[in-house]
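All remarks here apply to the structure that follows.
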Amino acid sequence: MSPAVRFVNVSRRFGSVRAVDGVTLDITEGEFFAMLGPSGSGKTTCLRLIAGFEQPDDGHIEIFGETADGVPPYKRNVNTVFQDYALFPHMTVGENVAYGLRIKGQARAKRAAKARDALSMVKLAGFEGRRPAQLSGGQRQRVALARALVNGPKVLLLDEPLGALDLKLREQMQEELKALQKDLGITFVFVTHDQGEALSMADRVAVFNEGRIVQVGAPSSVYERPESRFVADFVGSSNVLPPAFASGHGGVSKWTSLRPEKIAVHPAGTAVPEKHAATEGEIKMVSYQGAVTRFNVEAEKMRINAEVPAGDTRFKPGDSVRLIWPKSAMVTMEEGA
Amino acid sequence: MSQAAIAERGYGPLDRVSDIFFVRPKLLTLVLLLPPLLWIGIVYVGSLFALLLQSFYSLDDYSGLVVHEFTLSTYAQLLEEANLQIIVRTVTMSALVTIGCVIIAFPIAYYAARYARGWTKAFFYLAVMMPLWSSYLVKVYAWKLILAKEGILTWLAKNLHLSWLLDGIMALPVIGGPSLSFSYIGTFLVFVYIWIPYMILPIQAALERVPSNYIEASADLGAEPRQTFWTVIFPLALPGIIAGSIFTFSLTLGDYIVPTIVGNSRLMIGQAVYTLQGTAGNIPLAAAFTVVPMAIMGVYLWIAKRMGAFDVL
C-alpha cells in the first residue's frame, strides 16, 4: 500500500533561503503525524507543499501514490485548517462550512444538512446563522475544522491550529482533535512548534531544523532517544553532557543527553546506589514550577538542571548537593554540536 | 532620598489644561470637533438647505422673477420631455462611465494590492495620483486635441490602416458623430480618464484588506481561480467598488465642463444647471435639477445597502 504522503528529496527555495532542503518522508495512511520545529525550520512550507500552495523546486511529492507535481490545490483531495482559520467574513458560519460542497455543485438542501452535521460534530450545532466575527477564537477554530472535514479529505492538514487559543482551551482541543482523528481514521498532518502538543497528540513526530528533518519517530523514542543535541534541546529540555564528562560518569565518550527529571537531588555525601552515576555541586537557582521544582546546580564547571516533584523544600541556593541518576538515563547522541 | 509618589511638576496653566483633558477625554473630543461641526452645520448643510428651499419656489414666466411661494410646479417641469431627456442622458452616461471605470480599474487595483511591492507600489501610487495634480481643464483640452478629427487617434488609425474601423464606429447611431471629440464616445472616454483614480484607490484599499490566505482557503476547498474570484474576492472588494462608484457616478452626474468641451451639444444635468442659473436666471429649476443627482445617489446607496454591499465593513 502506498503511503498517504510521500516526499522524495523535496526542496523549496525562497530566493537564497532553502526553506525545505532535501526532505524525504513517508506519512502512513490513518496516522496522526506531527511536524515539530522552531519557526523558520521548514515545517509550514512542507505542509503548504502537501496542500499545493507551494510547488517543490526539486524532488517529488506523491499523495496516495499519485504524483502531486504541478497539481493545483483545488484538484487535491486534501484540506487545510489554517493558523488564523481564514474563515470568509462575508459568509455565515453555515455558508463557510458548506463552501466546499457549494463549489462542487451540491444542492442547497443537501449541503446545508451536511454542514449542520459537521458543525454538530465539532459541538457547534445551531451556529449556522452566525458570522465568524461573532465567534470566539475557539469557536472559529472549530468552524475551520468543520469546513475542512465536511469535504471528506483523504489528508487533513493543520497549521498550528491551536496556537491562538489559551492554555485550558488548547488542552481540551488537543484531546478532541485526537479523538476525532481516531473516529474518522483520516490522516492528520499537524504542524506545531509546541513540543508538548506534538508529543501528546501524534503517533509519529518529525523534528525539523533549518529545512531538514533531523529525527522521525514515535513521541517516546524522540523524547527518550534524541539522536542529536538539537532534538535533545528542542524536544523537552535536556542536559547535554560533553564526551569527557559522559565517559567519566559511566557513559561513553560521546555527546550525551540527560533529562532533568531523571536526576535526583540529595544532600552532599549521600551513597550512590548500584548502576547509578553522581556528581557534587552547589545549587545556584531554585525555580518552583507548580508540579515540579527545578534546581540549577553548578557541578564540575557545568550547569546541570534537575527536576524533582514539587514539595521538596530541603534545599535552597548555596547548598551543596549530590546529583544522582541511573546510568541508563544517559543517552548517547550521534551528533554533538 | 526616594522620589515623591506623585510628580511635583507641571502646575502652569497649560499643564492644568492638559490634566483636565487627559482626565476627561470627551471634553477634548468636543473642543476638537466644534470648529468642523460649525463649518459643516452652517456653511455646508446650511447652503444645501437654501438650495433645497429654492427648488420649491417657481419662476414667473412673464416677469422672469422668482415667486417666493412654496410649490411643486418646478419639480413638475423636470418631467417635461426635454428636461427628462437631460436626466436620462446624464444618468445613462454616469452609469456607463462607472461601469467602464470598474472594468479598467479592477485589474490595476488588483495588481497593486496583491503583487506590487517596493518601487512598483510607489510607481503605482505616482501613476494613479499624478493626473490628479495637473489641472482638470488642461487634461480635458488635451483630450479634445487627441480626439479631434485632425488629432493623433485619427492619424494613428490611418497609419495602421484602421480608418475603416474608426469611421465605422463614428457612423454608429447615437454614440457616433462627426468626430470622436463631438460624440458620446468621446465624452465617455474623457470621463473615464478623469475619474479613474477615484475608482482605483478605493478598490485597491478594499483588496489590500483581503488576506491572501482567504484565496488559499478557497483554492484548498476546491474552488478554481474563477470561482474564487466571484465567491471570495469580488464580494470582499464590493464595498470598495461601491465607494469608487459613488465618486465616479456622482462626479459625472454633476459635471458640466467635460460635456461642454468634448461631446455633441446635447445637455447634461450640470450644463442645464449652469445655463439655468446663469443666462436664464431660472434659479428654482436649476435648484430642482441639482436635487436630482442627490436623490439618485440616495436611492443608489439604499439599494447597495439592501444588497449587502456594506456587510463586510
Side-chain angles (χ1 to χ4, degrees), chain A residues 44 47-54 71-92 95-106 111 115 118 131-134 140 143-161, chain B residues 102 106 109-110 113-121 202-246 301 303-313:
Chain A
T44 297
L47 198 78
R48 294 172 56 81
L49 283 161
I50 304 174
F53 305 137
E54 307 283 349
V71 179
Y74 48 87
K75 287 186 179 159
R76 300 185 183 203
N77 205 353
V78 164
N79 287 112
T80 307
V81 176
F82 289 83
Q83 185 168 11
D84 46 7
Y85 319 136
L87 299 178
F88 303 128
H90 58 299
M91 298 181 196
T92 62
E95 287 166 344
N96 262 286
V97 176
Y99 184 78
L101 306 174
R102 175 179 151 203
I103 291 299
K104 288 191 191 82
Q106 288 198 8
R111 63 185 197 236
R131 292 265 170 183
Q134 296 169 301
R140 281 181 217 179
V143 174
L145 193 59
R147 184 176 71 171
L149 286 172
V150 78
N151 302 289
K154 302 272 273 181
V155 180
L156 184 75
L157 309 174
L158 302 108
D159 186 7
E160 307 233 5
Chain B
V102 173
F106 201 99
Y110 190 82
R114 291 238 83 84
Y115 301 108
R117 293 286 175 271
W119 73 268
T120 46
K121 193 122 189 171
I203 297 180
Q204 186 242 351
L207 287 172
E208 291 270 0
R209 290 198 302 266
V210 180
S212 60
N213 71 3
Y214 289 175
I215 293 162
E216 285 180 350
S218 177
D220 188 73
L221 293 164
E224 292 171 14
R226 182 178 46 84
Q227 292 170 308
T228 299
F229 180 82
W230 287 113
T231 54
V232 177
I233 299 170
F234 184 78
L236 291 173
L238 201 55
I241 295 173
I242 299 287
S245 69
I246 290 169
L301 288 181
I303 293 172
K305 169 117 178 57
R306 284 291 298 267
M307 285 171 63
F310 306 116
D311 285 1
V312 239
L313 292 183

Do you know which two heavy atoms are closest between A/Arg102 and B/Thr231, and how far apart they sit? NH2-CG2, 3.1 Å
Approximate separation, where rounding is to 0.5 Å, of B/Asp220 CG and A/Arg48 CZ: 10.5 Å
Please determine, among A/Gly100, A/Pro153, A/Ala86, the option with the most heavy-atom pairs under 4.5 Å with chain B. A/Ala86
Are there more than 12 heavy atoms of other residues, nucleotides or ligands under 6.0 Å from atom CZ of B/Arg117? yes
Heavy-atom count check: over 12 atoms from other residues, nucleotides or ligands less than 6.0 Å from A/Lys75 NZ? no
Determine the minimum heavy-atom distance between A/Phe88 and B/Tyr214, stating which atoms define it. CE2-O, 3.4 Å
Please flag which part of A/Asn79 lies under 4.5 Å from any non-hydrogen atom of chain B: side chain, backbone, both or neither. both
Evaluate the side-chain hydrogen bond (donor to acceptor under 3.5 Å, both in side chains) criterion for residues B/Ser218 and A/Tyr99: first the C-alpha distance (whole Å), next the side-chain angles of each, then the deciding distance (0.1 Å), finally the verdict. CA-CA 8 Å; B/Ser218 177; A/Tyr99 184 78; 2.8 Å; yes
When the 4.5 angstrom heavy-atom criterion is applied to A/Arg147 and chain B, the contacting part is both
Distance check, rounded to the nearest 0.5 Å: B/Glu216 atom CD versus A/Phe82 atom CZ? 5.5 Å
Where does A/Val78 contact chain B at under 4.5 Å (heavy atoms): side chain, backbone, both or neither? backbone
Any heavy-atom pair between the side chains of A/Ile103 and B/Leu221 that's under 4.5 Å? no
A/Leu157 portion near chain B, given a 4.5 angstrom heavy-atom threshold: neither
